[in-house]
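Worksheet for the structure shown next.
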There are 2 protein chains.
Amino acid sequence: MLSYTLGVDYGTNSVRALIVNCQTGEEIATAVYDYPSGNQGVLLDPRDAHVARQNPADYLSGLEHSVCEAVAKAHNCEGFSADKIIGIGIDSTGSSPIPVDAYNTPLALLPQWKDELAAQCWLWKDHTGHKEARLITELAAEHRPAYIAKCGNTYSSEWWWSKIWHCLNTAPEVFEAAYSWVELADFIPSVLAGVSDPKNIVRGICAAGHKALYSDEWGGLPDEAFLTLLDPKLADLRQRLYHKAVDASQTAGHLCAQWASRLGLPEGIVIGVGEFDVHYGAIGCGIEEGTFVKVIGTSTCDCAVVSMDNDIADIPGICGIVPGAILPGYYGIEAGQSAVGDLFKWWVEGVLRDSPDKHSILSEEAARLKPGQSGLLALDWNNGNRTVLVDQRLTGLLLGQTLHTTQAEIYRALIEATAFGARMIIERVEAYGVPVERIVCAGGIAEKNPMLMQIYADVTGRELRVSNSSQTCALGAAVAAAVVAEAHPDFSTAQAAMTSLKELVVRPDPDAQRIYEELFSLYREIHDAFGGVKESANLGQVMKALLKLRDNAHQSTLLEQIA
Amino acid sequence: MLSYTLGVDYGTNSVRALIVNCQTGEEIATAVYDYPSGNQGVLLDPRDAHVARQNPADYLSGLEHSVCEAVAKAHNCEGFSADKIIGIGIDSTGSSPIPVDAYNTPLALLPQWKDELAAQCWLWKDHTGHKEARLITELAAEHRPAYIAKCGNTYSSEWWWSKIWHCLNTAPEVFEAAYSWVELADFIPSVLAGVSDPKNIVRGICAAGHKALYSDEWGGLPDEAFLTLLDPKLADLRQRLYHKAVDASQTAGHLCAQWASRLGLPEGIVIGVGEFDVHYGAIGCGIEEGTFVKVIGTSTCDCAVVSMDNDIADIPGICGIVPGAILPGYYGIEAGQSAVGDLFKWWVEGVLRDSPDKHSILSEEAARLKPGQSGLLALDWNNGNRTVLVDQRLTGLLLGQTLHTTQAEIYRALIEATAFGARMIIERVEAYGVPVERIVCAGGIAEKNPMLMQIYADVTGRELRVSNSSQTCALGAAVAAAVVAEAHPDFSTAQAAMTSLKELVVRPDPDAQRIYEELFSLYREIHDAFGGVKESANLGQVMKALLKLRDNAHQSTLLEQIA
């Protein structure tokens, strides 16, 4: 029987709706809505670069516009009708907590709070809670080491408690006015399901486990005694949050009459549990044990899963290992690099002040270089290091420049730096027992930059595949919806039917791989020295080793020209 | 009695003649001649980037053209006539050895050798002898440590013996055809004096002592036994070179009839002993004990003098401490930075691919930044490090980049890097007993970039002065000519009469100085780690320290805006 599910993907600047055929995976219609508020949807504070908030009204208008437009477009597809949509899945950025009143209404939608920044959604990239994050890290290390071990021993300013605590510290009137707080990924399903009491919101294990220190091991959210160490008011809040978070095998409810009518969809269809975008993206990439998913865009998010039949150790520097966070029945493992596309964009548009077209020109020039030929080595830390150092107070580094170093050489060095960073992550998870048999990439850069993909293959020494979908997050949300709507008996079957890879296989070149081995060992020296891993670094030979690799590369170019 | 001397300055791309009033120092006429051969006067080899040679014919045509033009212009000056020119001084780049036949004719002027690169002048920046330099360093360290201690324990590929030995190894037919070799700085005076036997050329202590391992301590040039270790043919050559080198108190001869007629000058006027450009430049800047002269251009050359009444120790990393090399009666001390203007040029024209106008735009933007505000730190080693590491196999480094780092911030970081490099040199010479009471700067950058001068003052914590002349090398040569022509009894009197400083005094700003103290200590950490000075560096706090300085600078900017 022909059926469709709807995936709705809340990104940083826009929301996308995607309608997918549950039997074939065909993506029959999609629509995007750009958030109208603030700067490309982000509310900023000119006095504090750490602020990044979002207007919850944009989420609701975006839901209506994107879904209605997608449904309207889908009617061009033979056999489609809106009553064949059997479920809705939601994914979003995170941790993006929203303060709500006792009726599950975001404070920011109430007239008295609408202009108050602290009453908006605290977008994932809001870093105002950096002091709170540091204190949480310290207090947990002393009093609840198990809490913090699960997230690489460092609690981030991007996460749930740092933000809510910072709100309490700096905008106590908002904190007092909030009955509860809810992650964007849980809020949208609760709206669709017509939930009007925050206690009844179904909370996803993905956000809870990765960002809110939730674990069934210690009975849910951090205990009251610990929260009291932060602030007694946070311990009070705990009662008004949640006691149980669930994985994607559960449902978040059923489409309420009001939203069914606004969206033109059948009332009562099932709503999937919300997950973070990359997690559903990993499902859209066909993740299974042994598959390492890399979503390569402005930053890179990595996902892996390991069956819960086996035990898994904490992995130092990996920010989250959460049972059921991605796929039900599996530990979800998440890692990432804080700047990838952003790093190349900084170089081209920020420093060279050139147009985005320049990326393709530099890519062409950089593709003609051999590994090692530039003599350059870079650290990809312009936006800090998320994995494996978990340290935002790190910065970029470039070395090996001569008076002849070019734009394109630096461009390539930055790409290589992100590849080395990627390899650090893969080696770390493998060392702790996570199998990495194949790498599946998604995201704009993976689709559009074959040079980058080849460098990643050469540096990691592994074959790379690319997802067939260019909207894997929404696709993964639609897959989850298809499972809870019982179009498929389980995720594995649903993924097999609804997701696929491009035929292209990017294979490592053995010669390049050999040179990158040497460059990677130099990268690791610099990484460990500046990352504070090694307290005693011997770096006197690094520049000479780079010059030698450069001279060798030139030599081999000359030999090729003669031959 | 009104008299004039002529200074002739052989630069890398052109030769300049300057006529100076011996009583007032007034520069009454100048003329420049661009070398016509090769690429801006430099003969290159497309197969080997290390090659940099020069056509000796350019030197002779340049001598005639520049002097005749300057003399013609000088006639516009009331009271001038050519017979009032009483002496000629010469300076040049170096070590720039020229192979000559038994009649003091450069081989390259003979028809059979004119197209042979090895028969030309081996320009100072020719690096083809890098293997020979390494071997000389090793052999001297083992067999004649005293030789090498005088030049910072490392013999350079830019110097006399590396080049001549490389000629013997790679163009033995040229080596065999050469009766002798002569430095450009000695060759021009010998031509003017009509010397037709290389044995009679007056050799300056400046080139001999700094580049040819000459010292009266060990009886002149390196002994035959040592040269035999290199190659017995070099030991043979020693006999046909020279036994004694002299300082600038001596004369190189008197103007011969032939050149008097070509130049329109009185026959028999005295010719000063040739010195390297920067050494005479230091004299043109009024160097004396306690004055540290910096000639800041594409690279930077530093000079200091210490009275020979006192003993002076070898200074590690200082390439030359030579009695009489700059001023008679003083040890001449030379140091330098391999890329200064070249580094800024690389950034603007090489990487940003912008026009030279961009320098002033970036300077303006960079001048608005406070010390520490960029969060950046750089090493100025894009062309290796001459002092104090004496290592060409080093490269540039930039760290502290975020996704917001700008062109101008990097531009300023590069300027600061050269200032830190300058301070390393000053601290090193001071630590070994060379007094540095005032700094006098010359060169295009010192004259044109007030931001750079302020940064140098802030970083070094010293007052900076600028030479009044923009052609200090030629001026210094004219001062030397005035002394040997007896217009003045000694250099001190001649300098007092003929050289002067601009009134401007660049004073360190105490606030900036305090921040640069911190930045300099970070610079030194990185310098020592990558320069191989420290085998065990602890760099884990460097990026954090830079971020803290950056945050402080932003904070103080905010406070100023509020106030």
Side-chain angles (χ1 to χ4, degrees), chain A residues 47 49 298 338-339 342-343 345-347 350-354 375-379 381-385 391-407 409-410 414 526 528-548 550 554 558, chain B residues 47 49 298 338-339 342-343 345-347 350-354 375-379 381-385 391-407 409-410 414 526 528-548 550 554 558:
Chain A
R47 294 158 304 172
T298 54
S338 315
D342 269 352
L343 187 64
K345 183 178 164 145
W346 163 73
W347 180 241
V351 177
L352 302 180
R353 292 196 204 156
D354 220 313
L376 297 173
L377 184 66
L379 288 175
W381 300 349
N382 287 43
N383 199 21
N385 178 295
D391 191 345
Q392 279 172 23
R393 302 280 289 174
L394 293 173
T395 53
L397 181 149
L398 179 71
L399 75 90
Q401 301 93 299
T402 69
L403 294 174
H404 306 289
T405 298
T406 66
Q407 295 183 345
E409 285 175 332
I410 295 174
L414 295 176
I526 304 293
D528 289 356
F530 286 95
V533 178
K534 264 194 193 170
E535 287 189 359
S536 148
N538 187 345
L539 302 176
Q541 294 305 310
V542 170
M543 290 172 176
K544 291 171 176 53
L546 286 169
L547 287 174
K548 199 162 165 224
R550 182 196 65 169
H554 279 289
L558 275 179
Chain B
R47 294 158 304 172
T298 54
S338 313
D342 269 352
L343 187 63
K345 184 178 164 143
W346 161 74
W347 179 241
V351 177
L352 303 180
R353 292 195 205 156
D354 220 312
L376 297 173
L377 184 65
L379 288 175
W381 300 349
N382 286 44
N383 197 21
N385 177 295
D391 191 345
Q392 281 173 19
R393 303 280 289 174
L394 293 173
T395 52
L397 181 148
L398 178 70
L399 75 90
Q401 301 91 299
T402 70
L403 294 174
H404 306 288
T405 298
T406 66
Q407 295 183 345
E409 285 175 332
I410 295 175
L414 295 176
I526 304 294
D528 288 356
F530 286 93
V533 177
K534 264 196 194 166
E535 288 187 359
S536 148
N538 187 346
L539 302 176
Q541 294 305 311
V542 170
M543 289 170 176
K544 291 170 177 53
L546 287 170
L547 286 174
K548 198 163 166 224
R550 183 195 66 170
H554 280 289
L558 275 179

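Both backbone and side-chain heavy atoms feed into the values below; hydrogens, waters and symmetry mates do not. In the text below, chain A, chain B and the rest are named by the order of the sequence lines, each starting its count at 1.
- Among Leu398(A), Asp342(A), Leu403(A), Val351(A), the residue with the largest count of heavy-atom pairs under 4.5 Å with chain B is Leu403(A).
- For Arg47(A), no part lies near chain B; criterion is any non-hydrogen pair under 4.5 Å.
- Every pair passing salt bridge (charged side-chain N to carboxylate O under 4.0 Å, His left out) that includes a residue from residues 393-407 of chain B is listed here, sequence neighbours excluded: Asp551(A)-Arg393(B).
- Every residue two or more places apart in sequence or in another chain that forms a side chain to side chain contact (heavy atoms under 4.5 Å, CB included) with Thr406(A) is listed here: Ala408(A), Glu409(A).
- Of the listed residues (Leu394(B), Leu546(B), Asp528(B), Ile410(B)), the greatest number of heavy-atom pairs within a distance under 4.5 Å of chain A belongs to Leu394(B).
- Note: Phe530(B) CZ to Asn385(B) CG = 14.0 Å, rounded to the nearest 0.5 Å.
- Among Asp391(A), Val542(A), Leu377(A), the residue making the largest number of heavy-atom pairs under 4.5 Å with chain B is Asp391(A).
- Of all the listed residues (Leu399(A), Thr402(A), Leu558(A)), the one sharing the greatest number of non-hydrogen pairs under 4.5 Å with chain B is Thr402(A).
- Taking chain A as the reference chain and counting heavy-atom pairs below 4.5 Å, the highest number among Gly532(B), Ser536(B), Gly396(B), Ala378(B) is found for Gly396(B).
- Looking only at distances, no side-chain donor or acceptor of Trp381(B) sits under 3.5 Å from a matching main-chain atom of Gly531(B).
- Contacts with chain B were tallied for Arg353(A), Lys345(A), Gln541(A), Lys534(A); Arg353(A) has the most, counting heavy-atom pairs under 4.5 Å.
- The candidate from Gly400(B), Ala339(B), Gly350(B), Gly375(B) with the greatest count of non-hydrogen atom pairs under 4.5 Å with chain A is Gly400(B).
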